[in-house]
Amino acid sequence: MHDPDFQRLSVQLQAAGIGRRHAERSVAELKDHYADLVEDLQSRGLDAVAARAEASRQLGDLSVLGQLFAKAPKLRAWPYRYPALARCLLPVACLAVLPVTPVIAGWQHASVVMRWAFAMLASAAFTAILLGFLQLSIQLS
């Protein structure tokens, strides 16, 4: 019998909405429990292979354990606990990051970034002036 696939359990937990920190801690606790079971069974006289097989049997199916962990709401990441709030905040956060991204990506080329920012600002001002003139012409006619 193979050792339990704890890496697959971690991926399963994160896919179910468990936060990465909680998933890693839960998997680490299960690994420790499995190691303790193996050590205890070996101290009772079982050889290493038999002890690992018995410990795997006692631990149970990890996918079932993963489903049980996924049902615990306090382990879930905040976007899964508060989906309405996440649908409002995450797009705003992405939009807030968009103007900063070129600056971060082009920190070594600050002059290029500054020219880009100036061009964007100038084009926005030009567009605003044109729209203002269009609005004024509509009002006067």
Side-chain angles (χ1 to χ4, degrees), residues 1-139 141:
M1 178 167 259
H2 301 290
D3 288 338
D5 189 2
F6 292 108
Q7 181 63 31
R8 192 182 81 194
L9 175 63
S10 178
V11 170
Q12 176 189 359
L13 290 176
Q14 290 179 36
I18 303 294
R20 183 185 52 82
R21 183 176 45 120
H22 291 301
E24 289 174 358
R25 187 176 59 209
S26 299
V27 168
E29 287 177 11
L30 279 174
K31 281 181 183 179
D32 290 343
H33 183 62
Y34 174 75
D36 291 342
L37 282 172
V38 170
E39 182 180 322
D40 183 49
L41 290 168
Q42 284 179 332
S43 70
R44 293 183 188 180
L46 286 172
D47 64 355
V49 175
R52 288 201 320 260
E54 178 60 22
S56 293
R57 187 193 67 73
Q58 287 182 14
L59 194 60
D61 187 11
L62 290 184
S63 62
V64 173
L65 288 173
Q67 291 171 358
L68 292 174
F69 277 119
K71 290 180 182 178
K74 68 179 182 179
L75 296 178
R76 297 181 72 107
W78 73 267
Y80 289 89
R81 285 184 288 175
Y82 310 107
L85 183 63
R87 282 192 298 271
C88 294
L89 289 181
L90 291 177
V92 171
C94 289
L95 285 176
V97 169
L98 281 177
V100 178
T101 304
V103 175
I104 293 171
W107 192 256
Q108 294 176 345
H109 306 286
S111 62
V112 174
V113 173
M114 292 307 288
R115 282 194 306 253
W116 174 82
F118 180 74
M120 293 299 289
L121 184 62
S123 65
F126 182 72
T127 303
I129 290 170
L130 281 179
L131 289 174
F133 279 132
L134 283 172
Q135 185 67 29
L136 185 63
S137 68
I138 290 172
Q139 292 295 326
S141 60

Hey, what do you get for CZ (Phe6) to CG (Leu13), rounding to the nearest 0.5 Å?
11.5 Å
So, taking the atom named CG in Leu131 and the one named CZ in Phe126, what distance separates them when rounded to the nearest 0.5 Å?
10.0 Å
Taking C-beta and beyond as the side chain, do Ile18 and Ser26 meet within less than 4.5 Å on heavy atoms?
no
Please determine which of Gln58, Glu39, Glu29, Arg52 meets the side chain to side chain contact (heavy atoms under 4.5 Å, CB included) test together with Tyr34.
Arg52
Quick one: which of Leu98, Val97, Val92 gives a side chain to side chain contact (heavy atoms under 4.5 Å, CB included) with Leu95?
Leu98
Determine the minimum heavy-atom distance between Leu62 and Leu9, stating which atoms define it.
O-CD1, 3.4 Å
Where Ser63 and Arg8 come nearest, the two heavy atoms and their spacing
CB-NH2, 4.4 Å
Considering only residues two or more places apart or on different chains, which pairs with a residue in residues 14-24 satisfy side chain to side chain donor-acceptor pair (under 3.5 Å)?
Ser10-Gln14, Arg20-Glu24, His22-Arg25
Contact summary for Pro91 and Cys88, nearest pair of heavy atoms:
CD-O, 3.7 Å
Could you tell me the separation between the CG atom of Leu136 and the CD1 atom of Ile129, rounded to the nearest 0.5 Å?
13.0 Å
Side chain to side chain contact (heavy atoms under 4.5 Å, CB included), that's the test. Do Tyr82 and Leu89 meet it? Break it down for me.
CA-CA 11 Å; Tyr82 310 107; Leu89 289 181; over 6 Å; no
Looking at every non-hydrogen atom in both residues, tell me the closest pair between Ala51 and Gln42 and how far apart they are.
CB-CG, 3.6 Å
Considering non-hydrogen atoms only, spot the tightest contact between Leu59 and His33 and give its length.
CD1-CD2, 3.6 Å
